Amino acid sequence: MGEVVALGEVMLRLDPGEGRIRTARGFRVWEGGGEYNVVRGLRRCFGLETAVVTALADNEIGRLVEDLILQGGVNTSLIRWEPADGIGRQVRNGLNFVERGFGLRGALGVSDRAHTAVSQLRPGQIDWDSVFAAGARWLHTGGVFAALSDSTAEVAHEAMTAARRCGATVSYDPNYRPSLWEGRGGAARARETDLRLARHADVVIGALGLAGPGADGPRITAAEAPDAFAEIAALLPGTRILATTLRTVRSAGVNDWSSAAWSAETGYLTGPDLRGVQVLDRVGSGDGFAAGLIYGLITGAGLRTALAYGTAHGALAMTTPGDTSMASRTDVEALLADASAAVRR
């Protein structure tokens with residue numbers, strides 16, 4: 001089934017390439033979703049067996065999403081298929097339109113995901129004990145899934161508590177999306193939900209989103225990160241590891257990229273400092289970071305090495321189109337060894 005399992009939505013991503021959504025005459029199709037992208041990266045880049053727990057409406061769009069997941073090597077046996085009702089009155093599959101941005105024009109995501117099959121998941125519909133009895137030893141989920149509906153937050157809680165009960169490691173990424181909380185309590189309710197769920201996580205990725213007033217507040221700088229981690233550690237005494245990416249946006253096409261982490265054993269650590277990273281498509285880079293970090297931790301490499309894997313993989317994810325990584329572990333290790341971008345023959 002997979003040693004790492006993700007719980008989250010998988011949408012059909014529609015990409016106008018170098019153009020804009022509002023003037024597009026054609027779109028390239030990918031699959032993507034915050035939690036899914038992590039296990040897809042772990043499978044394709046790092047070679048771990050992975051699976052995704054999600055739900056799809058059983059129509060041609062849902063089957064296209066399934067086909068894309070299969071191409072990524074992620075196990076699909078845990079997908080719940082919901083009967084389609086013809087035109088999506090009650091249940092449908094999510095769409096995500098994404099502009100990459102260029103220069104002064106930032107990336108833009110426009111999601112169309114209300115009433116999706118996965119947003120209607122309820123506690124008790126997934127046999128989590130069977131999932132972990134079948135060999136899953138790591139569960140990853142996050143704030144995007146938890147924000148889809150009131151019931152998905154409860155499903156996340158059910159999954160995380162079951163994983164801990166069964167001895168699996170749990171990671172959680174708050175991953176705040178303002179559009180998902182609009183009209184539902186906004187940033188304050190998102191923070192309340194994230195803190196409640198993160199208390200059941202061993203590893204919190206994107207942890208700075210929980211500091212101060214939360215992700216909707218002022219951006220926390222690298223210099224402020226150590227104090228922010230201390231604040232979060234006090235809020236989440238059961239969490240072993242806190243990690244985050246650190247990004248400075250020079251333009252849509254050029255970012256400075258690094259990372260930081262904390263554990264009680266190591267204290268505060270920083271990852272490789274990559275300046276002036278040329279960005280083709282930044283969407284999914286944080287998920288690439290999460291995949292590399294989890295790979296390092298699950299293989300026992302230690303937090304400093306795991307942080308390096310995450311930083312390099314996230315940077316490489318920005319160099320290719322689509323939500324998901326096209327990097328190999330060889331690419332990641334070459335970047336960590338200070339290899340140049342010269343052709344390898």
Side-chain angles (χ1 to χ4, degrees), residues 5-13 31-39 52-57 65 80 82 91-98 107-123 125-126 139-161 163 170-201 203-217 219 232 235-236 239 244-245 283-287 289-290 323:
V5 172
L7 169 63
E9 182 165 41
V10 188
M11 295 186 292
L12 193 67
R13 171 175 164 172
E31 87 282 21
E35 295 84 7
Y36 162 78
N37 295 340
V38 176
V39 290
V52 61
V53 177
T54 193
L56 294 168
V65 174
R80 282 181 59 89
E82 301 295 342
V91 63
R92 55 190 293 271
N93 298 300
L95 306 177
N96 192 27
F97 297 81
V98 180
L108 173 67
V110 181
S111 61
D112 181 14
R113 65 198 304 180
H115 311 298
T116 56
V118 72
S119 73
Q120 299 176 52
L121 274 181
R122 300 287 187 272
Q125 291 184 317
I126 307 296
L139 171 74
H140 178 73
T141 191
V144 175
F145 174 74
L148 295 177
S149 67
D150 291 344
S151 67
T152 56
E154 297 313 310
V155 173
H157 179 268
E158 175 187 56
M160 296 169 79
T161 55
V170 177
S171 55
Y172 185 84
D173 186 342
N175 233 351
Y176 174 62
R177 297 286 186 272
S179 60
L180 293 177
W181 291 101
E182 187 174 340
R184 300 180 56 235
R189 189 172 178 207
R191 176 176 167 77
E192 176 187 334
T193 301
D194 284 329
L195 284 172
R196 176 168 67 90
L197 293 174
R199 291 188 176 100
H200 300 286
V203 181
V204 175
I205 303 167
L208 292 186
L210 298 176
D216 205 37
R219 189 173 187 86
I232 300 162
L235 292 171
L236 306 174
T239 299
T244 191
T245 59
V283 176
S285 53
D287 304 325
F289 168 77
D323 277 32

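Just so we're clear, the structure is a prediction, and the values are computed from it rather than from any experiment.
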Are [X] and [Y] packed together at the side-chain level, in the sense that at least one heavy-atom pair is separated by less than 4.5 angstrom?
X    : Y    : result
V144 : R113 : yes
V283 : R13  : yes
L235 : L210 : no

Does [X] have any side chain to side chain contact (heavy atoms under 4.5 Å, CB included) partners at least two apart in sequence or in another chain, and if so, which?
X    : result
A114 : none
T54  : V10, V52, I79, V118
R80  : A55, E82, L121, Q125, I126
R199 : L195, L236

Inter-residue atom distance [X].[atom1] - [Y].[atom2], 0.5 Å rounding:
X    : Y    : atom1 : atom2 : value
M11  : T116 : CE    : OG1   : 8.5 Å
L7   : T141 : CG    : OG1   : 4.0 Å
D173 : E35  : CG    : CD    : 8.0 Å
H200 : E158 : NE2   : CD    : 12.0 Å
H115 : L148 : NE2   : CG    : 12.5 Å

Kindly write out the residues that satisfy side-chain hydrogen bond (donor to acceptor under 3.5 Å, both in side chains) with [X], not counting sequence neighbours, or none if the list is empty.
X    : answer
E31  : Y36
S151 : R122, S149
T239 : none
D287 : N37

**Message:** Walk me through whether Y172 and I205 qualify under side-chain contact (heavy atoms from CB on, under 4.5 Å).
**Reply:** CA-CA 6 Å; Y172 185 84; I205 303 167; over 6 Å; no

Tell me every residue that passes salt bridge (Lys or Arg N to Asp or Glu O under 4.0 Å) with [X], counting only those two or more places apart in sequence or in another chain.
X    : answer
D150 : R184, R189
R177 : none
D194 : none
R196 : E154

**Item:** Distance-only donor-acceptor check, side chains H140 and S171, under 3.5 Å
**Value:**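 A donor-acceptor contact under 3.5 Å links the two side chains.
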
